[in-house]
Peer 1: 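There's a structure below that I have some questions on.
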2 protein chains.
Amino acid sequence: MARREPLNREKVLDAALELADGEGLEGLSMRRLAKALGVEAMSLYNHVSNKADLVDGIVERVFAQVEPPDPALPWPEQVRTAALSMYRVFSRHPVVPLALATDRSNPTSPHAMAAMDGLVGALFQAGFDERGAWRALGAINGLVFGALLLSTGGFTGAPGVHAGEEQVGVYIRRLDPARLPHFSRLLAWTTKGGVEPPADFEQALDTLIQGLEATAKSGHSG
Amino acid sequence: MARREPLNREKVLDAALELADGEGLEGLSMRRLAKALGVEAMSLYNHVSNKADLVDGIVERVFAQVEPPDPALPWPEQVRTAALSMYRVFSRHPVVPLALATDRSNPTSPHAMAAMDGLVGALFQAGFDERGAWRALGAINGLVFGALLLSTGGFTGAPGVHAGEEQVGVYIRRLDPARLPHFSRLLAWTTKGGVEPPADFEQALDTLIQGLEATAKSGHSG
DNA sequence: GCCGTATGCTTACACCGTAAGTAGATCACG
DNA sequence: CGTGATCTACTTACGGTGTAAGCATACGGC
């Protein structure tokens, strides 16, 4: 009667994150997770109260990897590094932004709040008042999550960045250059390579930060 | 034997959109949709090949409401109106951004491409080359969808804007002002009202556009 | 009138999250 | 040591999901 190595919340969450990274959020089911752990589905409920709780757990676990910015740096640099850190971490675990957008749950995760605190601190340093900081925070988070969700989930206004080249070709052939001149010109360019999501995001972020610097100077309330 | 009024794709999609708007994307199931139409689930498959096809259909239908910008206006104004139009339309139908982020499907929708074409045209007018336009487009779409998904789905780095005031109170009490000084200061402000998602988005958009103007002037490739 | 086609219903399958009940192993305490 | 409490895992079951397969009915063109 060799007892199996005991399960615990940490192991469950680790396995869940691995499964979700590999199979996507839809591929993460209690039954499949249990099977991966060599256990029956209902046993998981000893360590996790819900599927929602499970998802919250992996979100929190990933947020723990986000590095808060160094308050000694100039504020635009803080915003830059914090946003980039979020982007990088979530790129490795695309389930997380999706889970945050899908479920209505969460936001009481300590690590998530810590990450936000750093960002907000930088915005206060910039001279924003509460309203301005709130709006700037929305802009930053929106850009980070939007970029991740669009590049992951499928819609860039173009075929996913993951699509093979032949697919893109079909796509382009379907659109009428006479009716959509600009968009087809742009898509033609994307097929020649040159699309690099991380660099593209970094550029978009810098653009936003430039805007933030301008509005921070001109008026406090953003 | 009074025949029932015949079904067609349009009626199915209309009912699906209405159901999804009312009950959320999760509430949209073939069985429930069929019941709403006074029909059995499998009958829907005569007008729709898939659930994915159904969702694509409502996405396309909503995209049709997005107004392309007027090419005669100055380009920042074009970007502004186009992005705002997307934001407003999708605010009325929050299922759509969620569906785009969730499913890996879609993007061959004519109306969606038309909306993108207008935006890209404005960016070319601004003097961006392909790479710059691509990145600017990513920034704009990212911001629009990110703002929508975060305000809808739950995570603003704060309790959802929809959360009742007492919930927010509980939330704030849970966080330690000593450990998270900036974030708790910001959240304290949000409880006093003043959070207005449309205005907040508009401000974020203007900030981004300011950044776009700066980068458009300084160099072509964004 | 007749037949192909389109429409709708019925049944069935494999999956999902999880409530409820139960068996067995482990541990604290007398 | 015995004994009871607790904790873990398993089994079973319910109502939900998307949809494949088969069958009945009604309509349009000849």
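So you know, we letter chains A, B, ... as the sequences are listed, proteins then strands, and number each from 1. No hydrogens, no waters, no symmetry mates; every other heavy atom, side chains included, goes into these values.
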Peer 1: Nearest to the B:M42 side chain among C:dG17, C:dT10, D:dT12, which nucleotide is it?
Peer 2: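 Nucleotide nearest to B:M42's side chain: C:dT10.
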Peer 1: If each of A:G27 and A:S49 is mapped to the nucleotide of DNA chain C with the nearest heavy atom, which maps nearer the 5' terminus, i.e. the 5' end?
Peer 2: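 Nearest-nucleotide comparison on DNA chain C picks A:G27.
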Peer 1: Does D:dT17 have its OP1 or OP2 closer than 4.0 Å to a side-chain nitrogen or oxygen of B:S29?
Peer 2: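 For B:S29, the contact criterion (side-chain N or O under 4.0 Å from OP1 or OP2 of D:dT17) is met.
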Peer 1: Measure from the side-chain heavy atoms of B:K51 and tell me the nearest of C:dC9, D:dG18, C:dT18.
Peer 2: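 The answer is D:dG18.
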Peer 1: Any side-chain N or O of A:H47 under 4.0 Å from OP1/OP2 of D:dC7?
Peer 2: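 No, no such contact exists.
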Peer 1: Without decimals, in angstroms, what is the distance between A:N46 CG and D:dC7 C1'?
Peer 2: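 So the two atoms are 8 Å apart, to the nearest Å.
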Peer 1: Give a yes/no on whether any side-chain N or O of B:N50 is located under 4.0 angstrom from OP1 or OP2 of D:dG18.
Peer 2: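 Negative; the distance criterion is not met.
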Peer 1: Rounded to whole Å, please give me the gap between NZ in A:K35 and P in D:dA9.
Peer 2: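 Rounded to whole Å, this separation is 18 Å.
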Peer 1: Can you tell me which residue among B:D14, B:N46, B:D53 is in a side chain to side chain donor-acceptor pair (under 3.5 Å) with B:R9?
Peer 2: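 Single pass found, and it is B:D53.
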Peer 1: Between C1' on C:dA14 and CE on A:M30, what's the gap in Å once rounded to a whole number?
Peer 2: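 My rounded result for the distance is 19 Å.
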Peer 1: Find the distance A:L54:CG to C:dT18:C1' and express it as a whole number of Å.
Peer 2: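 Atom CG in A:L54 sits about 13 Å away from atom C1' in C:dT18.
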Peer 1: Specify whether A:F90 and A:F63 have parallel, tilted or perpendicular ring planes, treating 30° as the upper limit for parallel and 60° as the lower limit for perpendicular.
Peer 2: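 Answer is perpendicular, since the angle exceeds 60°.
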Peer 1: Could you state the atom-to-atom distance from CG of A:L44 to C1' of C:dC16 in whole Å?
Peer 2: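 In whole Å, C:dC16 C1' lies 14 Å from A:L44 CG.
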Peer 1: Roughly how many Å is it from CD in B:E23 to P in D:dG16, rounded to a whole number?
Peer 2: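 Going from CD in B:E23 over to P in D:dG16 covers 14 Å.
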Peer 1: Whole-Å distance between D:dG18 P and B:R32 CZ?
Peer 2: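 The answer, rounded to whole Å, is 11 Å.
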Peer 1: Given B:H93 and B:D21, is the side chain to side chain donor-acceptor pair (under 3.5 Å) satisfied, shown in steps?
Peer 2: CA-CA 6 Å; B:H93 304 289; B:D21 279 343; 2.5 Å; yes
Peer 1: Rounded to the nearest 0.5 Å, what's the gap from CD on B:E67 to OG1 on B:T81? Could you check?
Peer 2: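 That separation rounds to 8.5 Å.
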Peer 1: Can you tell me how far C1' of C:dT18 sits from CD of A:E40, to the nearest Å?
Peer 2: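 Distance, rounded to whole Å: 14 Å.
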Peer 1: Does a salt bridge link B:E23 with B:R32, judged by any charged N lying under 4.0 Å from a carboxylate O?
Peer 2: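 Yes, B:E23 and B:R32 are salt-bridged.
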Peer 1: Does a side-chain N or O of B:S43 approach OP1 or OP2 of C:dC9 to a distance below 4.0 Å, or not?
Peer 2: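 True: B:S43 side-chain N/O within range (under 4.0 Å) of C:dC9 OP1/OP2.
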Peer 1: With hydrogens left out and only the distance checked, is there a donor-acceptor pair under 3.5 Å joining A:R31's side chain and the base of C:dG17?
Peer 2: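 Donor-acceptor pair under 3.5 Å: yes.
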